[in-house]
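Numbering of ligands and ligand atoms starts at 1, following listing order.
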Amino acid sequence: MGHLVPLLIVFIGFKAPWPVLARSDSATACGSLEINEIADFRKLQNCTHVVGHVRLANVDLTAAAGAGNYGFESLASNVSEISDYLMVYRCTGLLTLQSIFPRLRIIRGQAQLFDKYALVVYENRNLRELGLVELLRVQKGFIRIESNPMLCFVGTIDWLYLLGNATQQQYSVKHNRPHSQCPLCGGPFAGFEYLKNGSEHCWNLNSPQLRPQPPRSKDCPVACGLSGCDVAGKCCDHNCVTGCYSKNCELCANYQGKLGCVNQCIATYEIDRRKCIGNRECRDLGRIPLARGYQCVKKCPGNQKKVVDDKGLIQCQVECKGDFHVKSAADLEVLQDCITINGSLIIELTNIKEKIVEALENALVSVKEITGYLKVIHSVQLVSLTFLQNLDSIRGEKLVENKYALFVVNNYHLEHIWPTNHQVIIQRGMLFFHLNPRLCYDKIHQLQSSLKSGENISVADVSPNSNGERVICGDGVRSLRPTVEDSNSTAVRIILTYMDWEGMETLLGYSFYYKEAPQQNVTMYDGRHGCGHDNWLMDVTPSKSRRHVISGLKPYTQYAYFVKTLTRTDYHMQMDAYSKIGYFQTLPDRPSPVVRIHGSSDSSSQIVLHWWPPIRPNGVIKNYFVTYEKQNVTKEMKDKNYLSAVSSIINDLDCECVDVLPYYSGPQPDDEDYYNKDQITYEDALPNLIYVSKHHDYRRKEFEKVVDYQHLLSIKKKPEPTTPAPPTPAPTNEMLAKEKKAAENYERYRINSEQRQRNMQDVDQEKYKIRHPMTKCSNPHATVVQQVEDKCVVEEKMTGTQLPGNQHYYNLSQLEPDTFYRVTVRACVEGVVNGCSTPADTLLKTASLRMERFIQGV
Ligand SMILES: *[C@@H]1O[C@H](CO)[C@@H](O)[C@H](O)[C@H]1NC(C)=O
Ligand SMILES: *[C@@H]1O[C@H](CO)[C@@H](O)[C@H](O)[C@H]1NC(C)=O
Ligand SMILES: *[C@@H]1O[C@H](CO)[C@@H](O)[C@H](O)[C@H]1NC(C)=O
Ligand SMILES: *[C@@H]1O[C@H](CO)[C@@H](O)[C@H](O)[C@H]1NC(C)=O
Ligand SMILES: *[C@@H]1O[C@H](CO)[C@@H](O)[C@H](O)[C@H]1NC(C)=O
Ligand SMILES: *[C@@H]1O[C@H](CO)[C@@H](O)[C@H](O)[C@H]1NC(C)=O
Ligand SMILES: *[C@@H]1O[C@H](CO)[C@@H](O)[C@H](O)[C@H]1NC(C)=O
Ligand SMILES: *[C@@H]1O[C@H](CO)[C@@H](O)[C@H](O)[C@H]1NC(C)=O
Ligand SMILES: *[C@@H]1O[C@H](CO)[C@@H](O)[C@H](O)[C@H]1NC(C)=O
Ligand SMILES: *[C@@H]1O[C@H](CO)[C@@H](O)[C@H](O)[C@H]1NC(C)=O
């Protein structure tokens, strides 16, 4: 008993970690750090907060291991926070990260490696342990610890705690040293020994994993609300990320203000993405407090000018003055937050590979006025000018060629000008639109009313020939009316009304566009790039059938879709018809398994279970079913004592397998090949499909004659010569009868061929069947034969405890002490026969009586 007393003190110190963890905040922030050789570790000197990421790659630390000039001690940094991510890749001679980051407490994951990871430790040959002994939280992003052949103490870490229960974060730990070859927390004499230190979770033999108690939610003063309170009953701030003591957070979730944690800087200025400081403090640091955006910055942002005010203080003033020539996303920074562009805006996006439409939308969202002109040229990517969604007027104080305020030339995919119901007043100056082959003349002509000059748009300035010549404009537009006729969880059948007789003349097939649309606010032009890599997926069917099945969809997901015809055209008259955008939702399906089961036992008769909902619920989860059974564990397994670790690995593998996307819905815009595939469809398939007539009309010739814009300006439309109609002789009875007969014949012919054409559109109906899951048998005891005969299935009887679908925890009680249990959890979706996931299972062990006594004794 005598020697237990000091141990208990250690234990208590650990359970109440505040004095250990609280540290004064004399912060020195540094930017992202790239460490590629030992000398680079100097960059970490003095640094307490990294605003950015840290990447250790290909560092050879074997010399440090030999304690030469750089002993491991000299590598130890004071970094306690990394705002983005930490990556450790192919470092040799590195034994533990404790030698580098002994004080790292939080990785915030504000920006992530590959937009996904916050902590990556990959292919480090000699790494024995992670040793991030003070790490409390990875706030956003995934964790991936993989292929470190010597790495132990990864199964001993409570990863779930590090992720703070966040269901959208995940960790993946694999291909490290097998757990069976790794020591346990507390050393080789596992069991009672390590319990004394109060933790089965550790970073290495000497360092238990610190896990401050999250704020309590029970028995707190009412005033605390949802934020909960600390052990002593004092309210916690709701901006705490882990534990709290009194009103102070262990760590702030967002910003550290003067009086505690806050979720945004109010009347103060943000610095280093983590603190709010006052105006004075910001000045004292030699920085500038920005009035817009409340930031404390070193120098004025791109579009803000340094001005010295009456008091001699440097201020930044948004100033969008001059002519702005946007050729790539990099040119947009200076336009951020501009409301008035005092000057002109020139958009010239010739680089078709850069995805820029979204960046344009974001940067130019506040622009309301351009004092000069707007010029949009050679921008293949643009489908519309709706990225200027708030533009009200173009003043035209400066004009292109002293004449034009809106100059739009040679934009191959431009189909629209402004958002619908949005007028942009052109105070002075005219329009110049040429060589926009997909922009209908009518749409340009509608701008007449916004021209304050009152001058009429001339044919020379806005050519009816070089605009809209690749699409059919005006009355010729036929519209399609598709409906969804049938669906299952991964496919829908769309049916169109019959195409009329004339339409059939030129019809070659249809293309079906679709994409996921959680909200019904999609437009055809959203994020659409002219060059194909937009986010609509496309099925092209070179068939006249009015039915089509879109398959490979995600269950229980809403999609937007529209249909367009593929038509035989000549160069000038493309008779494409479009439908409006419609929406459909796929049906629910069985969910994927529950993600991770996590259990802990503080009492010999209980295990508290937690799990994460399935990654793909595929519907509304109605119930969870939990079962458990005692598991006999062989002596051999017990000796190795790695069971719980093994089972968590098995779970990992399970996850990977169920995650093999069963409904991968075609190439995504990020996919490298996507661009090419789409390009192939556009550039190769379509021209081959489309029959090009040899017939040239006069407009083509005129178009070809055009030498340059000056030439275009000089072309004037010649008036058509009007010839008087010849006098018509009075009809005779005989002629009338003949005509009537001819009309009847013609009508009969028309009806016949219309029927033929309708039949043509209804071909192969078998091909467009949607397969439906079998229904529930009315007889719950139907035999297999009966099931086959009746085409039905017997409903599976679920065993175990049924829980509501919004509950992700369960207490197993009345268990035996120190015993292994195999626990399974299944998720079931509403409205699907046998709609339960395959069971996810894990092995868990109850606490021993000794441990229970020990815990209760404290
Ligand atoms: C760290 O601080 C010391 C003393 O202020 C200074 O001499 C040294 O250059 C600093 N190191 C770095 C990398 O900034
Ligand atoms: C870390 O901080 C301690 C005390 O503030 C200081 O003595 C030490 O030099 C610092 N280490 C580094 C690498 O900056
Ligand atoms: C995780 O969630 C469970 C139940 O929702 C809660 O009891 C537990 O304290 C949470 N853990 C953390 C680290 O927040
Ligand atoms: C457990 O406590 C002992 C005694 O204080 C200490 O030597 C040992 O390092 C601790 N082990 C762990 C895993 O905390
Ligand atoms: C644009 O700049 C000119 C010249 O500096 C100035 O006179 C005018 O007031 C500015 N216009 C706007 C709208 O800011
Ligand atoms: C514009 O055209 C209309 C009719 O086409 C004509 O009445 C009007 O006078 C014209 N205005 C100008 C300024 O040429
Ligand atoms: C649709 O609505 C959602 C939520 O209101 C919004 O996030 C999204 O940006 C909207 N999309 C479009 C294209 O307006
Ligand atoms: C476990 O072992 C006991 C006794 O050795 C035996 O009676 C029982 O059937 C076993 N249970 C299982 C699930 O194997
Ligand atoms: C839905 O129907 C399509 C078309 O018949 C079929 O290929 C698919 O397998 C069906 N999906 C399911 C989940 O049965
Ligand atoms: C589980 O049971 C224990 C002891 O009865 C209780 O303290 C705890 O709150 C329960 N947890 C849940 C999630 O019901």
Side-chain angles (χ1 to χ4, degrees), residues 23-30 33 35 38-50 54 70-81 98-105 134 303 305 307 317-324 338-345 367-373 392-398 427-428 484-494 539 547-557 584-592 616 618-619 661-665 764-775 791 793 829 831-835:
R23 255 205 313 269
S24 71
D25 190 63
S26 59
T28 310
C30 25
L33 296 170
I35 296 180
I38 288 203
D40 291 339
F41 280 102
R42 286 180 55 90
K43 297 179 189 166
L44 283 170
Q45 213 190 351
N46 304 345
C47 187
T48 59
H49 296 83
V50 176
V54 179
Y70 301 98
F72 272 134
E73 290 78 47
S74 67
L75 297 181
S77 72
N78 284 335
V79 172
S80 70
E81 270 195 51
Q98 193 172 12
S99 56
I100 301 168
F101 296 110
R103 305 191 172 167
L104 183 62
R105 308 173 79 206
E134 289 206 5
N303 60 332
K305 207 180 68 175
V307 289
Q317 236 173 36
V318 175
E319 199 194 48
C320 308
K321 197 162 163 204
D323 293 342
F324 297 89
C338 288
I339 295 171
T340 297
I341 293 179
N342 193 349
S344 299
L345 180 60
V367 175
K368 289 196 143 150
E369 186 177 52
I370 296 172
T371 67
Y373 58 80
D392 290 332
S393 86
I394 300 174
R395 290 245 284 265
E397 284 167 8
K398 204 173 143 198
Q427 308 280 5
R428 178 170 170 263
V484 169
E485 207 182 18
D486 196 3
S487 66
N488 63 17
S489 61
T490 59
V492 295
R493 180 172 69 243
I494 290 171
D539 285 0
R547 295 182 174 78
H548 176 65
V549 172
I550 301 180
S551 53
L553 301 171
K554 295 186 184 177
Y556 202 64
T557 302
F584 61 78
Q585 178 156 27
T586 47
L587 296 177
D589 206 343
R590 267 174 72 162
S592 64
R616 302 181 200 296
N618 292 347
L661 308 172
Y663 33 68
Y664 177 58
S665 59
D764 291 339
Q765 294 198 29
E766 273 305 298
K767 232 173 76 184
Y768 303 101
K769 276 250 163 68
I770 295 272
R771 202 155 53 88
H772 289 281
M774 283 194 279
T775 49
K791 294 206 172 66
V793 284
V829 150
V832 178
V833 179
N834 291 339

Q: Tell me which protein heavy atom sits closest to atom 5 (O) of ligand 5, plus the residue, atom name and distance to 0.1 Å.
A: K321 NZ, 2.6 Å

Q. Of all the non-hydrogen atoms in the protein, which one sits nearest to atom 4 (C) of ligand 9, and at what distance?
A. K769 O, 3.6 Å

Q. Looking only at heavy atoms, is any part of C47 under 4.0 Å from ligand 2, and if so is it the side chain, the backbone, or both, or is it neither?
A. neither

**Q.** Ligand-residue contact atoms, ligand 2 with A76, heavy atoms, under 4.0 Å
**A.** 13 (C)

**Q.** Sole residue of D589, T557, T586, N618 in side chain to side chain donor-acceptor pair (under 3.5 Å) with S489
**A.** D589

Q. Could R103 and E134 be called an ion pair, given the rule that one side-chain N must be under 4.0 Å from one carboxylate O?
A. no

Q) If you measure from each heavy atom of S551 to ligand 9, is any distance below 4.0 Å? A) no

Q) Any Lys/Arg nitrogen of E319 or K321 sitting under 4.0 Å from an Asp/Glu carboxylate oxygen of the other? A) no

Q.
Under 4.0 Å between a side-chain nitrogen and a carboxylate oxygen: does that hold for E369 and R395?
A. yes

Q) atom 10 (C) of ligand 9: which protein heavy atom is closest, and how many Å away? A) N488 ND2, 2.5 Å

(Q) Among all protein heavy atoms in this structure, tell me which lies nearest to atom 3 (C) of ligand 2, with the distance rounded to 0.1 Å. (A) N78 ND2, 3.5 Å

Q) Is the shortest N/O to N/O distance between N46 and ligand 2 below 3.5 Å? A) yes

Q | Point-to-point distance, once rounded to the nearest 0.5 Å, from CG of N78 to CG of N46 | A | 8.5 Å

Q) In terms of residue, atom name and distance, what is the protein heavy atom nearest to atom 9 (O) of ligand 9? A) R771 NH2, 2.9 Å

**Q.** Heavy-atom donor-acceptor pair, D764 side chain to K767 backbone, under 3.5 Å
**A.** no

Q.
So, 4.0 Å and heavy atoms of I770: is ligand 9 close enough to count as a contact?
A. yes

Q. Salt-bridged, K769 to D486, with N to O below 4.0 Å?
A. no

Q. Considering only protein heavy atoms, which is closest to atom 8 (C) of ligand 5, and at what distance to one decimal place?
A. N342 ND2, 3.7 Å

Q. What residue and heavy atom of the protein are closest to atom 13 (C) of ligand 9, and at what distance?
A. S489 OG, 3.4 Å

